[in-house]
Chemist: 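My questions will all concern the structure given below.
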Number of protein chains: 2
Amino acid sequence: MGIPVLNNNIPDDELDKIMDNAVLAANFLKAIGHEGRLLILCHLATGEKSVTELESLLSTRQSAVSQQLSRLRLEGLVTPRRDGKVIYYRLTDERSRRIIDIVYDLFCSEI
Amino acid sequence: MGIPVLNNNIPDDELDKIMDNAVLAANFLKAIGHEGRLLILCHLATGEKSVTELESLLSTRQSAVSQQLSRLRLEGLVTPRRDGKVIYYRLTDERSRRIIDIVYDLFCSEI
DNA sequence: AGGATATCCTAATAACTGTTAAGAGATGAT
DNA sequence: ATCATCTCTTAACAGTTATTAGGATATCCT
């Protein structure tokens, strides 16, 4: 059923660490807290896609898609690869995939 | 190192499920993608706190704390318990805790 | 009554989004 | 080489939404 609980009592020292990183974490969560960007991540979970492909998958204007991608790029979630005229995007690494899995687990694996 | 990858190829059926839930998920992520609310969750991770306690922990006005709590309540992340005049908030369940653990894992456990 | 919260409201400000338009890289034709 | 074209990125703009602050009020309990 999923993700293990790391620890039930986070010590105060580490709580401070969280607090220091709160802005960082909040920004990251904002980045994925967006319907379009979330869908992009889901689509990329099934494999590389070009911007044009995403444009039609999402029924969103190309420049909007591009901007959503740029936000995801900023967070390091996706990585572009140019092949001729076309730029393909993919999930950067296991971390990106983990995040989608988590969202999937939280919102889609319940009955 | 953490959270298991559920599957590398999410089938299209389930992708649709994700898409249906994208708005839901995005709203949820927006709720926790907020510095103040994230900090509240972190503080509650160490145990129940009253609104007044949170008010001073966060150096935020009471009405603001209350509003942030109400948003978290809406998402089911926190649960109030009244004891006389005081209302104590705690993380609702393992799901809430899991989410903080994940954020912690993503932002605080790296070297 | 009095303390602790929740709600409501208004105003000010900041953040976010999508749109258009202009620009940059790559490719292929002339 | 030049030009047109395709794909994509970026900047500028404008509408919308979120957030914060402040205060006023209502409520719930002792």
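Chain identifiers are assigned alphabetically (A, B, ...) following the order of the sequence lines, protein sequences preceding nucleic acid strands; residue numbering begins at 1 within each chain. Being a predicted model, the structure only gives us computed values, none of them experimental.
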Chemist: Take the protein atom CG of B:L69 and the nucleotide atom P of C:dA6, then report the distance between them rounded to whole Å.
Modeler: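 Interatomic distance, CG of B:L69 to P of C:dA6: 6 Å.
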Chemist: Give one of base, sugar-phosphate or nothing for B:K30, where a contact means two heavy atoms less than 4.0 Å apart.
Modeler: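 Answer is nothing: B:K30 stays at 4.0 Å or more from every strand.
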Chemist: If you measure from CG on B:L44 to CG on B:L77, what distance do you get to the nearest 0.5 Å?
Modeler: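 These two atoms lie 10.0 Å from each other.
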Chemist: Measure CD1/A:I87 against C1'/C:dT27 and give the value in whole Å, please.
Modeler: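 Result: 14 Å.
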Chemist: In whole angstroms, how far is the P atom of D:dA21 from the CD atom of B:E55?
Modeler: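 Those two atoms, CD and P, are 12 Å apart.
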Chemist: For B:Q68, report the nucleic acid contact type (base, sugar-phosphate, nothing); a contact means any heavy atom under 4.0 Å.
Modeler: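 It contacts sugar-phosphate atoms only.
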Chemist: Is it the case that one hydrophobic cluster holds both A:L58 and A:L91, taking links as side-chain heavy atoms less than 4.5 Å apart, direct or via other members?
Modeler: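 Linked within one cluster.
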Chemist: How long is the line joining CG of B:N27 and P of D:dT17, in whole Å?
Modeler: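 So the two atoms are 13 Å apart, to the nearest Å.
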Chemist: Should B:Y88 and B:I40 be regarded as members of a common hydrophobic cluster, given that ILVMFWY residues are connected when their side-chain heavy atoms come within less than 4.5 Å of each other, either directly or indirectly?
Modeler: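 B:Y88 does not cluster with B:I40.
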Chemist: Confirm from the modelled atom types if A:S50 and D:dT7 form a donor-acceptor pair under 3.5 Å, side chain to base only.
Modeler: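 No, no donor-acceptor pair under 3.5 Å.
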Chemist: According to a strict under-4.0 Å criterion, is A:R73 in side-chain N/O contact with OP1 or OP2 of D:dT10?
Modeler: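 Yes, such a contact exists.
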Chemist: A:F28 CZ to C:dA15 C1': how many Å, rounded?
Modeler: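 Roughly 19 Å, once rounded to whole Å.
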Chemist: Looking only at side-chain N and O atoms, does A:R61 come under 4.0 Å of OP1 or OP2 in C:dT17?
Modeler: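 No.
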Chemist: Give the other cluster members for A:L74, using side-chain heavy-atom distances under 4.5 Å between Ile, Leu, Val, Met, Phe, Trp and Tyr residues; answer none if it is isolated.
Modeler: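 Hydrophobic cluster check, A:L74: no partners found.
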Chemist: What pairs of residues pass the side chain to side chain donor-acceptor pair (under 3.5 Å) test when at least one of them lies in residues 71-85 of chain A, not counting sequence neighbours?
Modeler: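 Every side chain to side chain donor-acceptor pair (under 3.5 Å) pair that includes a residue of residues 71-85 of chain A, provided the two are not neighbours, is A:E48-A:R81, A:R73-A:Y89, A:T79-A:T92.
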Chemist: Between C:dG3, D:dG22, C:dT27, which one does the side chain of B:K85 approach most closely?
Modeler: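 Looking only at heavy atoms from C-beta outward on B:K85, the closest nucleotide is C:dG3.
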Chemist: Round to the nearest Å and state the distance from B:E75 atom CD to D:dA18 atom P.
Modeler: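 So the two atoms are 12 Å apart, to the nearest Å.
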Chemist: Quick check for you: to the nearest 0.5 Å, what is the distance between A:L41 atom CG and A:H34 atom NE2?
Modeler: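 Between A:L41 CG and A:H34 NE2, I get 11.5 Å after rounding to 0.5 Å.
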Chemist: Which of the following nucleotides, C:dA4, C:dG18, D:dT9, is nearest to the side chain of B:V86?
Modeler: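 My answer, after comparing the listed nucleotides, is C:dA4.
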Chemist: Strictly below 4.0 Å: does A:Q67 bring a side-chain N or O up to OP1 or OP2 of D:dC8?
Modeler: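 False: A:Q67 side-chain N/O out of range (4.0 Å or more) of D:dC8 OP1/OP2.
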Chemist: Considering only side-chain heavy atoms of A:Q62, which listed nucleotide, C:dG18, C:dA21, D:dC8, is closest?
Modeler: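 Nearest to the side chain of A:Q62 among the choices is D:dC8.
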Chemist: For D:dA18, does either OP1 or OP2 sit under 4.0 Å from a side-chain N or O belonging to A:H34?
Modeler: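 For D:dA18, neither OP1 nor OP2 has a side-chain N or O of A:H34 closer than 4.0 Å.
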Chemist: In this structure, how many angstroms lie between the C1' atom of D:dT19 and the CG atom of B:L58, rounded?
Modeler: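 After rounding, the reported distance stands at 15 Å.
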Chemist: Please determine whether a side-chain nitrogen or oxygen atom of B:Y89 lies at a distance below 4.0 Å from atom OP1 or OP2 of C:dA4.
Modeler: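 So the side-chain polar atoms of B:Y89 never come under 4.0 Å of the phosphate oxygens OP1 or OP2 of C:dA4.
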Chemist: State which of C:dT7, D:dT7, D:dT10 makes the closest approach to the side chain of B:S63.
Modeler: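 Out of C:dT7, D:dT7, D:dT10, the nucleotide with an atom closest to B:S63's side chain is C:dT7.
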Chemist: For a quick test of reading the model: is some side-chain N or O of A:R82 closer than 4.0 Å to OP1 or OP2 of C:dA26?
Modeler: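 Checking A:R82 against C:dA26: no side-chain N or O falls below 4.0 Å of OP1 or OP2.
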Chemist: What is the distance from CZ of B:R37 to C1' of D:dT19, rounded to the nearest Å?
Modeler: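 The distance from CZ of B:R37 to C1' of D:dT19 comes to 9 Å, rounded to the nearest Å.
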